[in-house]
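Below, read A as the first sequence line, B as the second, and so on, with proteins coming before strands; counting in each chain starts at 1.
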Amino acid sequence: MTNATIQEIEGIDDYWGPAFRSVYEGEGGHEAFVQQLDERIQQHDKEIEKLCNFYYQGFIDSIRELLQVRSHAEELHAEISNVDANVKESTESLCTRAEELIKARRVELNIAATIEKMELCLPLLTTYSKLKTQVEAKRYYPALKTLEQLEHVLLPRVGAFAWCAQIAADVPRLRRAIRDASMADLRDFLENVRKLSPQVGAMALVQTQDMLGRSLANIIKNRKEAPPAGREGGGAQCPHELVDCSPLHRCLHIHGVLGAKNDFVQYYRAQRKQQARLVLIPASGNLHDSIQSMKNYLNAVLGFFILEEHLLSTGAGLVSKDWLLDTWSMAVTKVASTLRTNTSLITDPTLMLSIKRQIVLFINALKCYGLPTDPLPLLLQEMAEHYTEVLMQRWVVVFRDILDNASFLPIEVENQEQFDAVMDTFPCDADELEAQPFPRKFPFSPLVPAVYVQVKEFIYAWLKYSSGLGLGGARRAGAARHSAALLLARSFSGCLAALFRRPLPLVQLVQIIVDTQYLEDATSFLYEFISNITGSELVTTQTAGSMFQAARDDAEKQICENLEKKVDEFLDLENYDWLLVEPTGQASSFVTDMLGYLTGVLSSLEQLPERARAAAARAAAARIAQRLRRALLEPAVRQVSAGALHQLDLDVIQCEQFAAAEPVPGLREGELLEHFAALRQLLDLITGWDWSCYLHDVGLEGGKYALVSPRDAAALLDKLREAEQKSSVFSVLKKNERDRRKLLDTVLKQLRQLQNQDG
Amino acid sequence: MAKTYDYLFKLLLIGDSGVGKTSILFRFSEDAFNISFISTIGIDFKIRTIDLDGKKVKLQIWDTAGQERFRTITTAYYRGSMGIMLVYDVTNEKSFENIKNWIRNIEENASADVEKMILGNKCDLDAKRQVSKERGEQLAVEYQIKFVETSAKDSLNVEFAFYTLARDIKAKMEKKQEASNPPGGRTGAHQLRANEQQRKPTSWLSRCSVL
Ligand SMILES: Nc1nc2c(ncn2[C@@H]2O[C@H](COP(=O)(O)OP(=O)(O)O)[C@@H](O)[C@H]2O)c(=O)[nH]1
Ligand SMILES: [Mg+2]
């Protein structure tokens with residue numbers, strides 16, 4: 001057991017508690033344990049002795065050896081010190097060299113780095129100088145490219161040098177300068193374009209004209225006359241070549257580079273739109289002054305849009321189809337309205353024709369360039385109407401002139417030559433005349449051929465307008481017929497009507513009636529003429545009939561008025577002695593003069609149509625009857641003697657004879673006499689003293705004295721009574737005279753009653 | 001009814017066609033002139049009232065057409081005429097020579113005591129003159145007719161000619177009247193027409209005295 005404890009103590013380094021307990025509590029107590037410990041110590045001593053003995057020799061040897069190492073070390077030490085000194089001596093220069101080398105090496109590296117940097121700078125600088133020269137040379141597009149390179153490639157590569165910063169700062173300035181300069185170029189271009197576009201338009205119109213007039217014959221002729229050579233405009237083949245568009249394209253590129261292409265396009269369009277507005281306002285104010293100003297205007301407009309159209313076709317997006325059409329539609333409306341206002345003031349047909357030709361050319365050119373032409377064709381139509389008006393105004397002057405200088409005498413020709421000359425200018429049926437000896441007399445006056453020729457002239461002039469409008473022959477002919485008829489029915493008739501405003505001599509009136517008849521009959525020849533020159537079928541639908549009926553009516557009316565006035569003049573000479581006792585048995589001289597005059601005049605109206613002559617005779621007869629009756633019933637004449645009554649009766653008989661003799665043909669039998677019927681009945685009643693019959697029949701249709709009113713009968717009877725009273729103042733009345741007086745008074749009373757009944 | 005005139009004189013214009021008869025009449029009646037030739041149909045007349053010594057004198061002036069065609073019509077008017085203007089054109093020799101023919105014509109057709117006067121018209125056209133004034137005067141002396149040169153265009157002597165002729169007629173008539181109707185024999189409520197003077201004795205007054 002004790003052994004175990006010692007083992008335990010040796011085995012355990014700490015927690016020796018249980019071991020100590022066993023020592024105290026074990027058998028034999030702690031003596032045992034001490035003994036044991038001694039035993040143990042002895043054991044260990046023996047072992048240590050053994051161990052020492054074992055290693056002693058080795059130890060001695062080691063010391064010896066160590067002593068030996070000590071000397072060796074000392075030797076080595078010396079040797080090493082020696083070497084060290086040697087090395088020290090030899091490496092000292094080496095080190096300085098190395099140091100030098102390092103320094104040189106560093107310099108070398110620095111130089112290489114500098115060269116590298118410099119090499120990077122050099123292109124920047126050359127580019128910069130290139131840029132400067134480019135800008136100076138106004139080669140803006142390459143300059144911009146250079147600038148771009150400079151800014152985005154070269155400058156970042158070089159790095160932050162002060163001068164680089166300066167260049168970098170310069171970049172936007174240059175860019176702005178380039179932009180400004182290119183804008184200036186654009187403005188120059190726009191200005192240039194404005195100057196050149198009329199030439200462009202002019203050239204396009206010339207080309208259109210050439211094209212329209214193109215025919216084999218013309219082409220050959222032109223070839224022969226002009227060997228192929230550059231056309232005017234510096235050899236430009238197309239009108240747009242007259243304008244150098246490169247500045248515009250350059251500007252566009254520049255702005256493209258500047259990233260402002262859209263802005264530029266907008267700016268360009270805005271500028272052009274503004275220019276378009278300027279172009280559309282005629283430069284010379286009044287286009288109707290001369291054809292040249294009209295040409296200039298159309299040239300400018302056309303040139304403008306040809307250029308735009310060219311820009312559209314060359315792409316680049318400056319001009320879009322929509323924009324072009326939009327601008328054009330604004331422009332064409334303005335053009336049409338400008339032309340409309342200007343042409344509406346024109347009164348010169350030649351100018352209108354030139355303008356029309358120009359507009360037609362303009363329209364054709366527009367078609368060539370694919371621009372819509374509406375509403376210009378409509379304008380041409382309106383102008384056609386105006387042209388007709390202008391022509392008609394012209395011809396009004398011509399007609400007025402013809403009428404002012406008209407002799408209104410029938411044409412008389414002395415020989416065949418003169419006869420043929422008339423027949424050549426005016427178609428008429430002259431078979432009868434042909435048989436007559438010279439001098440021959442045409443029924444119409446020179447007015448007729450003159451007007452006929454003028455109407456033909458008018459038709460020529462009128463047709464000039466419609467040529468080149470692409471109308472068919474039939475339509476042209478129809479319109480020409482219409483205009484010619486209008487000319488005659490309106491303009492010429494108007495001139496005739498104006499002629500009637502002042503009283504005309506009889507001869508003129510007669511001739512006018514005859515002449516208008518011939519003119520009307522000639523309308524069919526006019527239509528034939530129209531169909532000939534328009535190459536269309538003859539149309540004979542419209543009967544000329546009553547084209548000048550109004551004028552003839554006027555003339556007839558004036559003839560009647562003329563005769564009535566003459567009758568009045570004769571009757572103003574009437575100088576009845578109302579108290580005449582004994583009629584002379586002769587008609588009053590004013591009556592015989594008048595009837596002689598009327599017979600002469602009426603017979604000299606032989607050329608007049610029957611109707612007109614009859615009307616004249618009727619008017620004269622009516623007026624005579626009216627005036628004689630008025631003279632008889634004139635209230636201012638208080639007394640009328642039986643003698644005066646008989647004188648008047650005699651005069652009326654003369655008139656009745658004149659009427660009954662039917663001084664002109666074409667009257668209804670007894671027609672003229674009817675005008676004297678009322679007067680006749682009145683005179684018969686009074687002179688025949690037929691009162692019972694009158695009073696019996698009064699108010700009865702178809703009575704013997706149906707045309708005598710009680711008032712007139714009473715008035716005349718009253719006058720008669722007054723005269724009789726006056727003549728019998730100093731005499732004593734016989735019985736029958738007294739009876740007569742009594743009857744007279746009774747009749748008068750009855751008549752007054754009747755008169756009162758009638759109101 | 002109040003009479004509008006005291007005397008009515010019927011005058012006649014004769015002469016070759018184109019001498020200016022119508023123009024003279026136009027000048028006298030309308031005081032106007034028309035450059036264009038207005039042909040006359042057969043016969044025409046105009047009336048103008050003039051004042052002679054306080055008397056209203058109505059002139060009915062007949063204008064004749066020279067054309068042969070109307071000769072028969074116009075000669076009928078010779079008879080009633082109290083005065084005749086013979087017109088020639090001083091620029092037309094022929095028209096002057098024809099005056100003699102016209103005078104013969106008058107002698108054949110007109111009443112013997114008709115007053116006459118010769119007018120040399122268009123005296124404004126001096127450059128074209130073919131008949132001198134002296135020859136006109138000489139002719140007038142030969143026939144014992146008054147003569148004056150006129151211009152319808154320039155209104156020269158036209159009034160004068162008509163007034164002269166009218167005054168002569170009036171004088172002649174008044175002389176005749178005095179001869180047949182001694183002064184004081186007539187209270188003269190109104191003047192009778194010249195060509196009615198033959199009927200004067202049958203006026204109601206004289207008739208009255210018979211009763
Ligand atoms: N220069 C001029 N021309 C006149 C004169 N009287 C008439 N004439 C012209 O002579 C032409 C004939 O005149 P007209 O009166 O018709 O002559 P008629 O045939 O005698 O009636 C017309 O052209 C008139 O203008 C005149 O006094 N001087
Ligand atoms: Mg005449």
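Within a 6.0 Å radius of CD in A:Glu414, other residues, nucleotides and ligands contribute more than 12 heavy atoms. Under a cut-off of 6.0 angstrom, the local environment of CZ in B:Arg129 is crowded, with over 12 non-hydrogen atoms contributed by other residues, nucleotides or ligands. By the 6.0 Å contact criterion, CD on B:Gln144 is open, its count of non-hydrogen atoms from other residues, nucleotides or ligands being 12 or less. At most 12 heavy atoms of other shown residues, nucleotides or ligands fall within 6.0 angstrom of atom NZ in A:Lys557.
Salt bridge B:Lys58/A:Asp572: absent, no basic N to carboxylate O contact under 4.0 Å.
Side chains of A:Leu506 and B:Asp44 form no contact here, defined as non-hydrogen atoms less than 4.5 Å apart. For the pair A:Phe590 and B:Leu8, the minimum side-chain heavy-atom distance is 4.5 Å or more.
Under the 30°/60° scheme for interplanar angles, the aromatic rings of B:Trp62 and A:Phe570 are found to be tilted.
Contacts of B:Ser151 classified as side chain to side chain contact (heavy atoms under 4.5 Å, CB included), with partners at least two apart in sequence or in another chain: B:Cys123, B:Asp124, B:Lys153, B:Asp154, B:Leu156.
Closest heavy-atom contact between B:Phe45 and A:Glu569: CE1-OE1, 3.0 Å.
Considering CZ of B:Arg79 and OG of A:Ser589, their distance stands at 13.5 Å, rounded to 0.5 Å.
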